[in-house]
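Written out below as C-alpha cells is the structure these notes cover.
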Amino acid sequence: ERNQADVSEAKAGRTDLIFLIRFRHCCLLRNQRCIVAYLYDRLLRIRALRWEYGSILPSAIQFHMSAEEVEWFNRYKKSLATYMRSVGGEEGLDLTQDMKPPKSLYIEVRCLRDYGEFEIDDGTTVLLKKNSQHFLPRWKCEQLIRQGILEHILS
Amino acid sequence: GTGSDGDSEELVLTPAQLIRSLEQAWLNEKFAPELLESKPEIIECVVEQLDHMEANLKRAKKGDLKVSVHRMEIERIRYVLSSYLRCRLVKIEKFFPHVLEKEKSRAEGEPSVLSPEEFAFAKEYMANTETYLKNVALKHMPPNLQKVALLKSVPKPNLDSFVFLRVLERQENILVEPETDEQREYTIDLEEGSQHLIRYKTIAPLVASGAVQLI
C-alpha cells in the first residue's frame, strides 16, 4: 500500500519518488517470484510422490502437506487416472507400472513385511510372510516392490 | 500423408514394422528437447496388438515354451509404450503453458502436438496449478501482483540443445546457423546412414518428417 500511496503522489507531480516506487516494485516482484518458485517446487515433489508411492500417500508425508496441496494432489491423480484410462483397451494402461525395462520374466523376491495372500495369474496364491522368499512373475511384483513390501533379490 | 492428421495413407503395417515405428517414436521423443507430434495411430495399433497377444496367450497351452517368449515380448512392448507416453507427460507438465499455447494457436490442418486426451490433461494440470497458486499465495498479494504470467515464468524447451541422430533419408543443403558472432552460416549434406551431433533446432523438421532418427 505504501507503494500505491507514492504512486498517486508521483502522478501528482512528485517525480523524485519514481525511483523509490520502481525499487519497491522490483522487490515485490522478486518476493512474488520466490514465493511462487517455492510453492511450485513443492508441487513438483508432490507430483513425484504419485509416481513413486502410488495414489495413496503414507500418512507421514500427508502430515507435511497443506490442505491445498492435498487437494492439488487429489486433482492431479484424478486427472492422471482419466488420462491413463483413455489410453489403450478397456481397462486403460497403468503408466506407473513398467518403469524399468523387463530383464527377465520371473524374479527372486524377499518379503519385508507381512502382507498376506497374494494371487498370481494362474490362480495360485502365495502367502507373503515377513522374510519369506519367492520366485514370482516380475510384472506382478512391481507395485509391491515400490511400496516396500517386497525386495528384489539381485544375485 | 496429405491433408489433416488422421488422414494418412492406410498402410497395413506388419507387427514388426509397427513395433519398429513405436520404437522410433519412443527414441525421438526421449531425445528431443520439445514435445513432438502425437502419434495416435501408432498408439492405437500397438494397444490392439498387445490385446491380441494377451488373448492368444490366454488360449495357449500351459507350460508351452512359446508362452514365456511371447509373455516377455508383451512385457517389452508394454514397457516401450509406457515409457513413450510417460516421456510425453513429463514434457507436457514441464512446459505446460507453452504446450497449451502452441495447441491453441495451431492452424487448421497442421498436425497436433497433443492428443485430445493429452490436451485435456494439460488443461487440467494448468487449471489445478493456477487455482492452487491463487488460493495459497496470490490472493493474499497486493492487487497488481495477483497474476503470474505463466508463459513468461515457465521456461521454454531449449531447442538449441545438441542431439545425436542417424540419417535415414539423404538430405541436401541443410542450413546450419552460426552459434557465435564470429561464425557464419553454412550448409551441410546428410548422407544416408551417417550419424551426427547437431543442434536440435537445425534438424527439427527432419525429425518430424522421419528423415532422421534421434539416438
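Just so we're on the same page: letters track the sequence lines, and every chain starts at 1.
Counting heavy-atom neighbours within 6.0 Å of Glu177(B) CD, excluding the residue itself, gives a total of 12 or less. Within a 6.0 Å radius of OH in Tyr79(B), more than 12 heavy atoms belonging to other residues, nucleotides or ligands are found. Around the NZ atom of Lys134(B), the shell of radius 6.0 Å holds no more than 12 heavy atoms that belong to other residues, nucleotides or ligands. Other residues, nucleotides and ligands place no more than 12 heavy atoms under 6.0 Å from the CD1 atom of Ile56(A). Residue Glu44(B) places its CD atom among 12 or fewer non-hydrogen atoms of other residues, nucleotides or ligands, all under 6.0 Å distant. Environment of CZ in Phe162(B): crowded, with over 12 heavy atoms of neighbouring residues, nucleotides or ligands closer than 6.0 Å. For His52(B), the NE2 atom counts as loosely surrounded, since its 6.0 Å shell holds 12 or fewer non-hydrogen atoms of other residues, nucleotides or ligands.
The two residues Trp72(A) and Asn128(B) come nearest to each other via the heavy atoms O-ND2, 3.1 Å. Between Phe121(B) and Ser79(A), the shortest heavy-atom distance links the atoms CD1-OG, 3.3 Å. For the residue pair Gln97(A) and Arg86(B), the shortest heavy atom distance occurs at O-NH1, 3.0 Å. Residue Ala137(B) comes nearest to Ile35(A) through the heavy atom pair CB-CG2, 3.8 Å, listed as atom of the first residue, atom of the second, then distance.
With a 4.5 Å cut-off on side-chain heavy atoms, Asn135(B) and Glu71(A) do not count as touching. Contact of the Arg47(A) side chain with the Val90(B) side chain is registered, since non-hydrogen atoms from C-beta on lie closer than 4.5 Å.
Both the backbone and the side chain of Glu118(B) have a heavy atom closer than 4.5 Å to some heavy atom of chain A. Both the backbone and the side chain of Leu80(A) come within contact range of chain B, each with at least one heavy atom under 4.5 Å from a heavy atom of that chain. Contact of Ser153(B) with chain A is not made at all, since no heavy-atom distance falls under 4.5 Å.
Ring geometry, Phe96(B) versus Tyr40(A): the interplanar angle falls from 30° to 60°, so the pair is classed tilted.
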- Task: I would like to know whether Leu93(A) and Val47(B) meet side-chain contact (heavy atoms from CB on, under 4.5 Å); could you show each step before the answer?
- Result: CA-CA 9 Å; Leu93(A) 182 65; Val47(B) 166; 5.6 Å; no
- Message: Please evaluate residues Tyr83(A) and Leu89(B) with respect to the criterion side-chain contact (heavy atoms from CB on, under 4.5 Å), reporting the C-alpha separation (whole Å), side-chain torsions for both, the decisive distance (0.1 Å), and the verdict.
- Response: CA-CA 10 Å; Tyr83(A) 172 73; Leu89(B) 279 188; 3.9 Å; yes
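Between chain A and the options Leu138(B), Val80(B), Leu81(B), Thr129(B), heavy-atom pairs under 4.5 Å are most frequent for Thr129(B).
Rounding to the nearest 0.5 Å places CG of Leu43(A) at 11.0 Å from CD of Glu93(B).
Using modelled atom types, one finds no donor on one side chain facing an acceptor on the other under 3.5 Å when comparing Glu117(B) with Ser86(A).
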